[in-house]
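Below is one structure, written out as structure tokens; the observations come after it.
Counting starts at 1 for both ligands and their atoms, following the listed order.
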Amino acid sequence: MDKNPGQPLLALDRVETFYGPLQALRGVSLTVAEGAITAILGNNGAGKSTLLSTILGVLDGQPRQGSIEFDGLAIDGMATEKIVRAGISYVPEGRRLFPELSVSQNLTVGGYIRRDRAATRRTLEQVYEFFPLLSERLSQPAGTLSGGEQQMLAIARALMNGPRLLLLDEPSLGLAPILVRQVFDIIQGIRDEGVTILLVEQNARMALSIADEGLVLENGSVVIQGPAADLIDNDEVEALYMGVQTRSPQSGSGT
Ligand code: ATP
């Protein structure tokens, strides 16, 4: 899967996104290296989710300025379905599973865009290896899984597209600390299989502990970026993002 490790797989150049009159992204430029985990940090409302939505093209207001390239292909202005077909998958904040559908059906939905059935079957086998617990609960309605299991299913569903780039929006949200660790171990494992990861997180310390690169968004602008190891030691990042948890990890369905 990893065609050009270390080379930019995704590149944003001076991207601006608006919600009506509100400017949510201001001249955002960044690159995501193939085979790496890049962590996007920042407080509530900084523009992190908007960044992922902008990449995926799911916002009504497309970026009014700037360009987005994925593997050399200009994807800004492209329909989301085409962007997904090009190899980008998304795990939304709050998971957004189909709670009435079974684990198995949720996984099938995740792979709907693929035409190559043999490849889909191979991915399913890999997903079962990655998430043995899910393979034991295939007929269980997704809504009856625990919070941690639902997060695993949301990630597994996104992998069913066979992506080269996985966008993850706050995978730790609402999970107890022990489950957060498990989810982050899985994210690392997915990267080790060659999938490039762009990870939005409020849990800065945990995100930087597995990331190769990190950047901080503030009020829609990139204010700090660099190797994750440097950001962990950066006093400003420490003071702003590692002292206080803005949301309780125990909130929501934290089991
Ligand atoms: P959070 O961690 O709370 O999700 P975030 O860093 O992901 O925050 P965004 O959700 O991207 O931030 O929001 C960036 C800005 O855009 C905020 O001012 C927010 O209020 C605004 N915003 C987000 N979504 C919409 C929308 N659908 N319509 C209008 N404004 C929006």
Problem - From the candidates E170, K48, E93, Q202, the one that places a heavy atom nearest atom 5 (P) of ligand 1 - result: K48
Practice task
Salt-bridge test for K48 and D169: reply yes if a basic N is under 4.0 Å from a carboxylate O, no otherwise.
Solution key: no
Practice task
Answer side chain, backbone, both or neither: which part of A24 comes under 4.0 Å from ligand 1, heavy atoms only.
Solution key: side chain
Run the side-chain donor-acceptor check on residues 223-230: report pairs under 3.5 Å with partners two or more places apart or on a different chain.
none

Problem - Salt bridge E81-R85, side-chain N to carboxylate O under 4.0 Å - result: yes
Fill in the blank from the handout: Counting heavy atoms under 4.0 Å, the part of N43 that contacts ligand 1 is backbone
Handout entry: Closest to atom 13 (O) of ligand 1 (judged by heavy-atom distance), picking from L41, L217, T50
Key = T50
Practice task
Please confirm whether L22 comes within less than 3.5 Å of ligand 1 when only nitrogen or oxygen atoms on both sides are compared.
Solution key: no
Exercise for the section: Using non-hydrogen atoms of the residue, decide whether G42 is closer than 4.0 angstrom to ligand 1. Expected result: no
Problem - Options S49, G220, G47, ranked by nearest heavy atom to atom 12 (O) of ligand 1, top entry - result: G47
Handout entry: 4.5 Å side-chain heavy-atom contact, E34 and P8
Key = no
What side-chain donor-acceptor pairs closer than 3.5 Å can you find for residues 179-188, not counting sequence neighbours?
{"residue": "R181", "atom": "NE", "partner": "D185", "partner atom": "OD1", "Å": "3.3"}
{"residue": "R181", "atom": "NH2", "partner": "D185", "partner atom": "OD1", "Å": "3.1"}

Completion exercise
Per-atom filter on ligand 1: closer than 4.0 angstrom to a heavy atom of A46 are 5 (P), 6 (O), 12 (O)
Problem - N203 and E170: side chain donor to acceptor below 3.5 Å - result: no
